[in-house]
Novice: 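Before I ask anything, here is the structure I am working with.
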Amino acid sequence: MNEHDSEKIAYILEKLGYVKTDKIENADFIIYNTCLVRENAELKVYGQLGSLKPLKKEKPDMIIAVCGCMMQTGEAKEIIQEKYKHVDIIFGTKNISSLPSLINRHLSTGNTVVDIEDRDLIDNQIDMIREHPFIGYVNIMTGCNNFCTYCIVPYARGREDSRSPESILDEVNDLAKKGYKEITLLGQNVNSYGKTLSNPISFPDLLRMINKVEGIERIRFLTSHPKDLSDDLIDAMAECDKVCENLHLPFQAGSNRILKEMNRKYTQEDYLLLVKKLKNKIPNITLSTDIIVGFPGETEEDFEETLKVVREVEYDQGFTFIYSKREGTKAATMNNQVERNISQKRFERLLDLMYGIFYKNNEKELGKTLEVLVEGPSKNNDEVLTGRTRGYKLVHFKGDKSLIGKLVNVKITGHNSFSLNGDLI
Ligand code: SAH
Ligand code: SF4
(Lines give C-alpha, C1' and ligand atoms only; values in the text may rest on other atoms or scores of the structure.)
(Ligands and ions follow the chains in the order given, each with its own letter.)
Protein backbone atom coordinates (compact mmCIF):
# COMPACT_ATOMS: atom_id res chain seq x y z
CA MET A 1 0.00 0.00 0.00
CA ASN A 2 2.89 2.26 0.87
CA GLU A 3 4.59 1.56 -2.46
CA HIS A 4 1.35 2.25 -4.25
CA ASP A 5 1.08 5.64 -2.50
CA SER A 6 4.64 6.36 -3.68
CA GLU A 7 3.53 5.71 -7.27
CA LYS A 8 0.93 8.45 -6.88
CA ILE A 9 3.39 10.89 -5.30
CA ALA A 10 5.89 10.27 -8.11
CA TYR A 11 3.19 11.11 -10.67
CA ILE A 12 2.34 14.41 -8.97
CA LEU A 13 5.99 15.43 -8.72
CA GLU A 14 6.66 14.57 -12.35
CA LYS A 15 3.66 16.66 -13.42
CA LEU A 16 5.20 19.55 -11.51
CA GLY A 17 8.36 19.14 -13.58
CA TYR A 18 10.57 17.17 -11.22
CA VAL A 19 12.66 14.28 -12.58
CA LYS A 20 14.10 11.39 -10.59
CA THR A 21 17.77 11.43 -9.60
CA ASP A 22 19.97 8.66 -8.23
CA LYS A 23 22.15 11.11 -6.32
CA ILE A 24 20.76 12.69 -3.19
CA GLU A 25 23.17 15.66 -3.52
CA ASN A 26 21.53 16.56 -6.85
CA ALA A 27 18.00 16.58 -5.48
CA ASP A 28 15.88 19.71 -5.25
CA PHE A 29 13.14 17.78 -3.53
CA ILE A 30 13.53 14.86 -1.13
CA ILE A 31 10.51 12.97 0.14
CA TYR A 32 10.21 10.09 2.62
CA ASN A 33 7.08 7.96 2.47
CA THR A 34 7.07 6.42 5.94
CA CYS A 35 5.59 3.30 7.55
CA LEU A 36 4.66 3.00 11.19
CA VAL A 37 4.00 -0.73 11.45
CA ARG A 38 7.36 -1.62 13.05
CA GLU A 39 9.75 0.48 15.10
CA ASN A 40 12.81 -0.20 12.93
CA ALA A 41 11.32 1.57 9.94
CA GLU A 42 10.36 4.52 12.12
CA LEU A 43 13.85 4.89 13.58
CA LYS A 44 15.33 4.75 10.09
CA VAL A 45 13.30 7.82 9.08
CA TYR A 46 14.70 9.87 11.98
CA GLY A 47 18.22 8.69 11.10
CA GLN A 48 17.79 9.71 7.45
CA LEU A 49 16.28 13.09 8.33
CA GLY A 50 19.14 13.79 10.73
CA SER A 51 21.72 13.02 8.08
CA LEU A 52 20.10 15.53 5.69
CA LYS A 53 20.79 18.50 7.96
CA PRO A 54 24.20 19.42 6.45
CA LEU A 55 22.87 19.11 2.89
CA LYS A 56 19.94 21.39 3.68
CA LYS A 57 22.37 23.96 5.12
CA GLU A 58 24.32 23.88 1.89
CA LYS A 59 21.19 23.98 -0.26
CA PRO A 60 18.53 25.89 1.69
CA ASP A 61 16.15 25.94 -1.31
CA MET A 62 15.98 22.18 -1.41
CA ILE A 63 12.56 20.98 -0.15
CA ILE A 64 12.35 18.10 2.33
CA ALA A 65 8.98 16.42 2.77
CA VAL A 66 7.86 13.55 4.98
CA CYS A 67 4.58 11.73 4.45
CA GLY A 68 2.93 8.36 5.07
CA CYS A 69 1.14 6.78 7.98
CA MET A 70 3.86 7.66 10.52
CA MET A 71 2.68 11.29 10.22
CA GLN A 72 -0.82 10.37 11.30
CA THR A 73 -0.10 9.81 14.96
CA GLY A 74 0.62 12.98 16.93
CA GLU A 75 3.98 11.90 18.26
CA ALA A 76 6.06 11.53 15.08
CA LYS A 77 4.69 14.72 13.58
CA GLU A 78 5.58 16.67 16.74
CA ILE A 79 9.05 15.14 17.03
CA ILE A 80 9.78 16.15 13.44
CA GLN A 81 8.49 19.68 13.95
CA GLU A 82 10.55 20.10 17.10
CA LYS A 83 13.79 18.28 16.33
CA TYR A 84 14.00 18.28 12.55
CA LYS A 85 13.15 21.87 11.74
CA HIS A 86 14.74 21.52 8.30
CA VAL A 87 11.71 19.47 7.18
CA ASP A 88 9.49 21.70 5.01
CA ILE A 89 6.35 19.67 4.35
CA ILE A 90 4.56 17.05 6.45
CA PHE A 91 1.44 15.27 5.20
CA GLY A 92 -0.54 12.07 5.67
CA THR A 93 -1.87 9.24 3.52
CA LYS A 94 -5.11 11.07 2.79
CA ASN A 95 -3.54 14.33 1.56
CA ILE A 96 -1.50 13.10 -1.37
CA SER A 97 -3.61 15.01 -3.91
CA SER A 98 -2.88 18.26 -1.96
CA LEU A 99 0.88 17.96 -2.49
CA PRO A 100 1.09 20.70 -5.22
CA SER A 101 -0.72 23.20 -2.98
CA LEU A 102 1.41 22.22 0.03
CA ILE A 103 4.55 22.90 -2.02
CA ASN A 104 3.11 26.28 -3.07
CA ARG A 105 2.25 27.17 0.51
CA HIS A 106 5.76 26.31 1.63
CA LEU A 107 7.37 28.27 -1.21
CA SER A 108 5.24 31.36 -0.60
CA THR A 109 5.65 31.45 3.20
CA GLY A 110 8.96 29.67 3.80
CA ASN A 111 7.28 27.91 6.73
CA THR A 112 6.94 24.24 7.49
CA VAL A 113 3.54 23.20 6.12
CA VAL A 114 1.55 20.42 7.81
CA ASP A 115 -1.56 18.70 6.46
CA ILE A 116 -2.83 15.45 7.90
CA GLU A 117 -6.60 16.05 7.67
CA ASP A 118 -8.61 13.22 6.10
CA ARG A 119 -9.19 14.57 2.61
CA ASP A 120 -8.59 12.16 -0.26
CA LEU A 121 -11.62 9.97 -0.83
CA ILE A 122 -11.12 6.35 -1.81
CA ASP A 123 -13.28 6.84 -4.93
CA ASN A 124 -11.14 9.72 -6.21
CA GLN A 125 -7.99 7.87 -7.12
CA ILE A 126 -5.02 9.91 -8.23
CA ASP A 127 -3.23 9.05 -11.45
CA MET A 128 0.14 7.52 -10.84
CA ILE A 129 3.44 6.55 -12.37
CA ARG A 130 3.23 2.81 -12.15
CA GLU A 131 6.49 1.08 -11.35
CA HIS A 132 5.58 -1.60 -13.89
CA PRO A 133 4.13 -1.18 -17.37
CA PHE A 134 2.11 -4.42 -17.12
CA ILE A 135 1.58 -5.19 -13.40
CA GLY A 136 -0.70 -2.75 -11.57
CA TYR A 137 -1.82 -2.28 -7.97
CA VAL A 138 -5.40 -1.18 -7.46
CA ASN A 139 -6.66 0.17 -4.14
CA ILE A 140 -10.06 -1.21 -3.25
CA MET A 141 -10.29 0.00 0.33
CA THR A 142 -8.46 1.98 2.98
CA GLY A 143 -8.19 1.70 6.76
CA CYS A 144 -8.93 -1.17 9.09
CA ASN A 145 -11.53 -1.92 11.79
CA ASN A 146 -9.90 -4.96 13.32
CA PHE A 147 -7.69 -3.58 16.07
CA CYS A 148 -5.34 -6.53 16.39
CA THR A 149 -3.77 -5.59 19.72
CA TYR A 150 -0.19 -5.30 18.37
CA CYS A 151 -1.05 -3.22 15.32
CA ILE A 152 -0.93 0.53 14.78
CA VAL A 153 -2.58 0.50 11.34
CA PRO A 154 -6.18 1.23 12.50
CA TYR A 155 -4.89 4.24 14.46
CA ALA A 156 -2.68 5.48 11.65
CA ARG A 157 -4.81 4.75 8.59
CA GLY A 158 -8.25 5.17 10.17
CA ARG A 159 -11.46 3.18 9.79
CA GLU A 160 -12.30 0.88 6.93
CA ASP A 161 -13.72 2.48 3.79
CA SER A 162 -14.49 0.67 0.54
CA ARG A 163 -14.15 2.07 -2.95
CA SER A 164 -17.18 1.68 -5.22
CA PRO A 165 -17.06 -1.25 -7.66
CA GLU A 166 -17.71 1.20 -10.53
CA SER A 167 -14.61 3.21 -9.69
CA ILE A 168 -12.52 0.03 -9.30
CA LEU A 169 -13.75 -1.37 -12.61
CA ASP A 170 -13.00 1.94 -14.36
CA GLU A 171 -9.38 1.71 -13.20
CA VAL A 172 -9.05 -1.99 -14.09
CA ASN A 173 -10.57 -1.41 -17.56
CA ASP A 174 -8.21 1.50 -18.09
CA LEU A 175 -5.24 -0.67 -17.07
CA ALA A 176 -6.39 -3.44 -19.44
CA LYS A 177 -6.59 -0.90 -22.31
CA LYS A 178 -3.05 0.21 -21.55
CA GLY A 179 -1.84 -3.39 -21.86
CA TYR A 180 -1.64 -4.36 -18.19
CA LYS A 181 -1.69 -8.13 -17.72
CA GLU A 182 -1.76 -8.54 -13.95
CA ILE A 183 -3.50 -6.61 -11.21
CA THR A 184 -3.24 -6.86 -7.43
CA LEU A 185 -6.20 -5.59 -5.43
CA LEU A 186 -5.09 -3.88 -2.23
CA GLY A 187 -6.74 -3.50 1.18
CA GLN A 188 -5.84 -4.22 4.81
CA ASN A 189 -8.58 -6.84 4.90
CA VAL A 190 -10.04 -7.37 1.44
CA ASN A 191 -12.44 -10.00 2.78
CA SER A 192 -14.55 -7.32 4.43
CA TYR A 193 -14.69 -5.28 1.20
CA GLY A 194 -18.01 -3.68 0.32
CA LYS A 195 -19.73 -3.78 3.68
CA THR A 196 -19.74 0.00 4.14
CA LEU A 197 -21.00 0.82 0.63
CA SER A 198 -24.52 2.20 0.14
CA ASN A 199 -25.13 -0.78 -2.18
CA PRO A 200 -23.12 -3.46 -0.35
CA ILE A 201 -21.33 -6.01 -2.50
CA SER A 202 -19.08 -8.86 -1.41
CA PHE A 203 -15.40 -9.30 -2.27
CA PRO A 204 -16.04 -12.61 -4.09
CA ASP A 205 -18.60 -10.80 -6.30
CA LEU A 206 -16.08 -8.04 -6.98
CA LEU A 207 -13.59 -10.72 -8.08
CA ARG A 208 -16.20 -12.23 -10.39
CA MET A 209 -16.77 -8.80 -11.99
CA ILE A 210 -13.06 -8.12 -12.47
CA ASN A 211 -12.54 -11.62 -13.85
CA LYS A 212 -14.61 -10.57 -16.89
CA VAL A 213 -12.33 -7.66 -17.85
CA GLU A 214 -10.81 -8.53 -21.21
CA GLY A 215 -7.02 -8.24 -21.44
CA ILE A 216 -6.32 -8.80 -17.74
CA GLU A 217 -4.77 -12.26 -17.43
CA ARG A 218 -4.01 -12.51 -13.72
CA ILE A 219 -5.71 -11.24 -10.58
CA ARG A 220 -4.16 -11.25 -7.10
CA PHE A 221 -5.25 -9.63 -3.85
CA LEU A 222 -3.79 -8.64 -0.48
CA THR A 223 -4.52 -9.12 2.44
CA SER A 224 -7.04 -11.70 3.63
CA HIS A 225 -7.96 -11.89 7.30
CA PRO A 226 -8.70 -15.55 8.13
CA LYS A 227 -11.72 -14.62 10.27
CA ASP A 228 -13.49 -13.17 7.21
CA LEU A 229 -12.45 -15.69 4.56
CA SER A 230 -15.77 -17.13 3.35
CA ASP A 231 -16.59 -20.33 1.50
CA ASP A 232 -17.88 -18.06 -1.26
CA LEU A 233 -14.40 -16.54 -1.66
CA ILE A 234 -12.87 -20.01 -1.98
CA ASP A 235 -15.53 -20.82 -4.62
CA ALA A 236 -14.84 -17.55 -6.46
CA MET A 237 -11.09 -18.27 -6.46
CA ALA A 238 -11.73 -21.75 -7.82
CA GLU A 239 -14.17 -20.64 -10.53
CA CYS A 240 -12.51 -17.41 -11.77
CA ASP A 241 -9.86 -18.45 -14.27
CA LYS A 242 -7.84 -15.24 -13.89
CA VAL A 243 -7.61 -15.34 -10.10
CA CYS A 244 -4.20 -16.87 -9.36
CA GLU A 245 -3.87 -20.04 -7.29
CA ASN A 246 -2.05 -18.16 -4.55
CA LEU A 247 -3.15 -16.68 -1.26
CA HIS A 248 -1.49 -14.58 1.42
CA LEU A 249 -3.19 -15.68 4.64
CA PRO A 250 -1.48 -14.27 7.74
CA PHE A 251 -1.90 -16.44 10.85
CA GLN A 252 0.43 -14.40 13.13
CA ALA A 253 0.69 -17.03 15.89
CA GLY A 254 -0.21 -20.69 16.47
CA SER A 255 -1.22 -20.63 20.13
CA ASN A 256 -4.91 -20.09 20.78
CA ARG A 257 -4.13 -18.14 23.94
CA ILE A 258 -1.87 -15.74 22.03
CA LEU A 259 -4.35 -15.44 19.16
CA LYS A 260 -6.96 -14.37 21.70
CA GLU A 261 -4.57 -11.84 23.24
CA MET A 262 -3.90 -10.56 19.72
CA ASN A 263 -7.67 -10.16 19.13
CA ARG A 264 -7.42 -12.15 15.92
CA LYS A 265 -10.85 -13.81 16.40
CA TYR A 266 -9.94 -17.28 15.08
CA THR A 267 -8.31 -20.33 16.59
CA GLN A 268 -5.53 -22.54 15.26
CA GLU A 269 -8.21 -25.12 14.44
CA ASP A 270 -10.31 -22.58 12.46
CA TYR A 271 -7.21 -21.56 10.52
CA LEU A 272 -6.12 -25.12 9.70
CA LEU A 273 -9.66 -25.96 8.57
CA LEU A 274 -9.59 -23.00 6.19
CA VAL A 275 -6.28 -24.18 4.76
CA LYS A 276 -7.74 -27.65 4.26
CA LYS A 277 -10.74 -26.24 2.40
CA LEU A 278 -8.50 -24.07 0.22
CA LYS A 279 -6.22 -26.99 -0.67
CA ASN A 280 -9.23 -29.22 -1.46
CA LYS A 281 -10.96 -26.75 -3.75
CA ILE A 282 -7.84 -25.25 -5.35
CA PRO A 283 -5.38 -28.15 -5.60
CA ASN A 284 -2.37 -26.16 -6.91
CA ILE A 285 -2.72 -23.33 -4.42
CA THR A 286 0.43 -21.81 -2.96
CA LEU A 287 0.16 -20.13 0.43
CA SER A 288 2.12 -17.40 2.13
CA THR A 289 1.72 -15.88 5.56
CA ASP A 290 2.77 -13.31 8.16
CA ILE A 291 4.01 -14.48 11.56
CA ILE A 292 4.89 -12.48 14.67
CA VAL A 293 7.39 -13.96 17.12
CA GLY A 294 7.66 -12.78 20.73
CA PHE A 295 4.21 -11.25 21.27
CA PRO A 296 3.89 -10.30 24.99
CA GLY A 297 3.56 -13.40 27.16
CA GLU A 298 4.60 -15.87 24.41
CA THR A 299 6.06 -18.95 26.11
CA GLU A 300 8.15 -21.73 24.57
CA GLU A 301 4.97 -23.86 24.38
CA ASP A 302 3.10 -21.07 22.58
CA PHE A 303 5.95 -20.72 20.11
CA GLU A 304 5.94 -24.49 19.48
CA GLU A 305 2.31 -24.08 18.35
CA THR A 306 3.47 -21.55 15.75
CA LEU A 307 6.06 -24.05 14.47
CA LYS A 308 3.33 -26.72 14.36
CA VAL A 309 1.13 -24.59 12.08
CA VAL A 310 4.09 -23.87 9.79
CA ARG A 311 4.85 -27.60 9.57
CA GLU A 312 1.23 -28.49 8.87
CA VAL A 313 0.45 -25.83 6.28
CA GLU A 314 3.79 -26.12 4.44
CA TYR A 315 3.89 -22.50 3.22
CA ASP A 316 5.56 -21.53 -0.03
CA GLN A 317 6.53 -18.09 1.22
CA GLY A 318 6.26 -16.10 4.42
CA PHE A 319 7.06 -12.88 6.19
CA THR A 320 8.26 -13.24 9.76
CA PHE A 321 8.53 -10.39 12.23
CA ILE A 322 9.86 -10.00 15.72
CA TYR A 323 7.12 -8.33 17.76
CA SER A 324 7.66 -4.57 17.82
CA LYS A 325 6.08 -2.55 20.62
CA ARG A 326 3.94 0.24 19.17
CA GLU A 327 2.87 2.95 21.60
CA GLY A 328 -0.87 3.49 21.51
CA THR A 329 -1.74 -0.16 20.92
CA LYS A 330 -3.19 -2.44 23.58
CA ALA A 331 -0.26 -4.88 23.45
CA ALA A 332 2.17 -2.07 24.32
CA THR A 333 0.50 -1.84 27.75
CA MET A 334 0.93 -5.57 28.45
CA ASN A 335 3.54 -6.01 31.16
CA ASN A 336 4.86 -9.41 30.05
CA GLN A 337 6.97 -8.28 27.08
CA VAL A 338 9.34 -11.01 25.84
CA GLU A 339 13.07 -10.38 26.08
CA ARG A 340 14.68 -9.50 22.78
CA ASN A 341 17.31 -12.29 22.86
CA ILE A 342 14.59 -14.92 23.40
CA SER A 343 12.50 -13.56 20.51
CA GLN A 344 15.61 -13.43 18.33
CA LYS A 345 16.43 -17.11 18.98
CA ARG A 346 12.83 -18.18 18.29
CA PHE A 347 12.84 -16.06 15.14
CA GLU A 348 15.96 -17.85 13.86
CA ARG A 349 14.44 -21.28 14.59
CA LEU A 350 11.30 -20.26 12.72
CA LEU A 351 13.28 -19.06 9.71
CA ASP A 352 15.26 -22.32 9.64
CA LEU A 353 12.06 -24.33 9.57
CA MET A 354 10.40 -22.12 6.96
CA TYR A 355 13.36 -22.01 4.58
CA GLY A 356 13.54 -25.83 4.71
CA ILE A 357 9.86 -26.08 3.80
CA PHE A 358 10.18 -23.51 0.99
CA TYR A 359 13.07 -25.59 -0.37
CA LYS A 360 11.04 -28.81 -0.36
CA ASN A 361 8.03 -27.11 -1.94
CA ASN A 362 10.17 -25.64 -4.69
CA GLU A 363 11.74 -29.07 -5.26
CA LYS A 364 8.25 -30.36 -6.12
CA GLU A 365 8.17 -27.95 -9.09
CA LEU A 366 11.14 -29.65 -10.80
CA GLY A 367 10.24 -30.99 -14.23
CA LYS A 368 6.95 -29.04 -14.39
CA THR A 369 6.21 -26.49 -17.10
CA LEU A 370 4.88 -23.31 -15.51
CA GLU A 371 3.38 -20.13 -16.94
CA VAL A 372 5.58 -17.12 -16.14
CA LEU A 373 4.81 -13.42 -16.58
CA VAL A 374 8.21 -11.99 -17.56
CA GLU A 375 9.01 -8.95 -15.40
CA GLY A 376 12.48 -7.96 -16.58
CA PRO A 377 16.15 -8.85 -16.63
CA SER A 378 17.44 -10.51 -13.46
CA LYS A 379 19.15 -8.20 -10.95
CA ASN A 380 22.46 -10.07 -11.05
CA ASN A 381 22.72 -11.21 -14.64
CA ASP A 382 21.54 -9.16 -17.59
CA GLU A 383 21.19 -12.20 -19.84
CA VAL A 384 18.77 -13.89 -17.48
CA LEU A 385 15.09 -12.96 -17.38
CA THR A 386 12.97 -13.11 -14.30
CA GLY A 387 9.24 -13.40 -13.70
CA ARG A 388 6.60 -14.99 -11.53
CA THR A 389 4.37 -18.01 -11.82
CA ARG A 390 0.65 -17.87 -11.01
CA GLY A 391 1.67 -19.26 -7.62
CA TYR A 392 3.91 -16.17 -7.16
CA LYS A 393 7.16 -18.14 -7.39
CA LEU A 394 10.12 -16.26 -8.78
CA VAL A 395 11.63 -17.93 -11.88
CA HIS A 396 14.94 -17.18 -13.61
CA PHE A 397 15.61 -18.34 -17.17
CA LYS A 398 17.59 -17.37 -20.27
CA GLY A 399 15.64 -15.45 -22.88
CA ASP A 400 15.42 -12.38 -25.05
CA LYS A 401 14.42 -9.03 -23.52
CA SER A 402 11.60 -8.76 -26.08
CA LEU A 403 9.74 -11.28 -23.89
CA ILE A 404 9.40 -8.77 -21.04
CA GLY A 405 5.72 -8.22 -20.27
CA LYS A 406 4.69 -11.48 -21.99
CA LEU A 407 3.37 -14.74 -20.58
CA VAL A 408 5.73 -17.61 -21.44
CA ASN A 409 6.11 -21.26 -20.47
CA VAL A 410 9.22 -22.32 -18.57
CA LYS A 411 10.31 -25.86 -17.75
CA ILE A 412 11.69 -25.93 -14.20
CA THR A 413 15.16 -27.45 -13.91
CA GLY A 414 16.59 -26.07 -10.66
CA HIS A 415 15.66 -24.36 -7.43
CA ASN A 416 16.61 -23.02 -4.02
CA SER A 417 14.39 -21.93 -1.11
CA PHE A 418 13.40 -18.65 -2.73
CA SER A 419 13.37 -19.12 -6.49
CA LEU A 420 13.25 -21.55 -9.41
CA ASN A 421 15.43 -21.83 -12.53
CA GLY A 422 14.31 -23.16 -15.84
CA ASP A 423 14.38 -23.26 -19.62
CA LEU A 424 12.08 -21.36 -21.92
CA ILE A 425 9.81 -23.71 -23.85
N1 SAH B 1 -3.70 -5.99 7.27
C2 SAH B 1 -2.75 -6.96 7.01
C3 SAH B 1 -1.30 -6.52 7.19
C4 SAH B 1 -0.95 -5.46 8.17
S5 SAH B 1 0.70 -5.07 8.53
C6 SAH B 1 -3.08 -8.18 7.85
O7 SAH B 1 -3.80 -8.10 8.82
O8 SAH B 1 -2.60 -9.22 7.51
C9 SAH B 1 1.64 -6.42 7.92
C10 SAH B 1 2.14 -7.36 8.95
O11 SAH B 1 2.99 -6.70 9.86
C12 SAH B 1 1.09 -8.01 9.83
O13 SAH B 1 0.46 -9.09 9.22
C14 SAH B 1 1.89 -8.43 11.03
O15 SAH B 1 2.43 -9.73 10.88
C16 SAH B 1 3.04 -7.44 11.06
N17 SAH B 1 2.91 -6.51 12.19
C18 SAH B 1 1.96 -5.59 12.41
N19 SAH B 1 2.18 -4.97 13.58
C20 SAH B 1 3.31 -5.50 14.09
C21 SAH B 1 4.06 -5.28 15.27
N22 SAH B 1 3.68 -4.40 16.20
N23 SAH B 1 5.19 -6.00 15.47
C24 SAH B 1 5.58 -6.92 14.55
N25 SAH B 1 4.92 -7.17 13.44
C26 SAH B 1 3.79 -6.48 13.19
FE1 SF4 C 1 -3.38 -4.50 11.61
FE2 SF4 C 1 -4.99 -6.51 12.20
FE3 SF4 C 1 -5.88 -4.50 10.71
FE4 SF4 C 1 -4.10 -6.20 9.71
S5 SF4 C 1 -6.19 -6.70 10.34
S6 SF4 C 1 -4.05 -3.96 9.56
S7 SF4 C 1 -2.85 -6.69 11.47
S8 SF4 C 1 -5.27 -4.39 12.83
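One is the number of the first residue; the rest follow in order along the sequence. Values below: every heavy atom of this structure, side chains too, minus hydrogens, waters and symmetry copies. Whatever order the structure lists them in is the order used to number ligands and atoms, beginning at 1.
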Novice: Looking at Lys368 and Glu363, does any basic side-chain N land under 4.0 Å from a carboxylate oxygen?
Specialist: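 No, this pair does not count.
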Novice: For Met1 and Arg157, run side-chain contact (heavy atoms from CB on, under 4.5 Å): C-alpha distance rounded to whole Å, both residues' side-chain angles, the deciding distance at 0.1 Å, then the answer.
Specialist: CA-CA 11 Å; Met1 210 157 264; Arg157 289 208 177 235; 4.0 Å; yes
Novice: Less than 6.0 Å separating the ring centroids of Tyr359 and Phe418?
Specialist: no
Novice: Can Arg264 be said to sit on top of Tyr266's aromatic six-ring, NZ or CZ under 6.0 Å from centre and within 45° of the ring axis?
Specialist: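 No cation-pi geometry.
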Novice: So that I can tick it off, tell me whether Glu371 and Arg218 are bridged by a salt bridge, with the cut-off set at under 4.0 angstrom between side-chain N and carboxylate O.
Specialist: yes
Novice: For atom 7 (S) of ligand 2, find the nearest protein heavy atom and state the residue, atom name and distance (0.1 Å precision).
Specialist: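 Result: Tyr150 OH, 3.4 Å.
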Novice: Decide if the gap between the ring center of Phe347 and the ring center of Phe321 is smaller than 6.0 angstrom.
Specialist: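 Centroid distance Phe347-Phe321: not below 6.0 Å, so no.
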Novice: Check Glu217 with Lys181, please: is the shortest side-chain N to carboxylate O separation under 4.0 Å?
Specialist: no
Novice: Given a threshold of 2.8 Å, state how many protein N/O/S atoms are nearer than that to atom 2 (Fe) of ligand 2.
Specialist: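 Every protein N, O or S atom under 2.8 Å from atom 2 (Fe) of ligand 2 counted, the figure is 1.
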Novice: State yes or no: are the ring centers of Tyr180 and Phe134 separated by less than 6.0 Å?
Specialist: no
Novice: As a test of reading the model: which residues have a non-hydrogen atom less than 4.0 Å away from ligand 1?
Specialist: Val37, Arg38, Tyr150, Gln188, Thr223, Pro250, Gln252, Arg264, Asp290, Ile292, Phe321, Ile322, Tyr323, Ser324, Arg326
Novice: Looking just at side-chain N and O atoms, do Thr299 and Asp302 make a donor-acceptor pair shorter than 3.5 Å?
Specialist: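 Indeed, the side chains of Thr299 and Asp302 share at least one donor-acceptor pair under 3.5 Å.
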Novice: With distance as the sole criterion, is a donor-acceptor pair present between the side chains of Gln268 and Lys308 under 3.5 Å?
Specialist: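 Short answer, yes.
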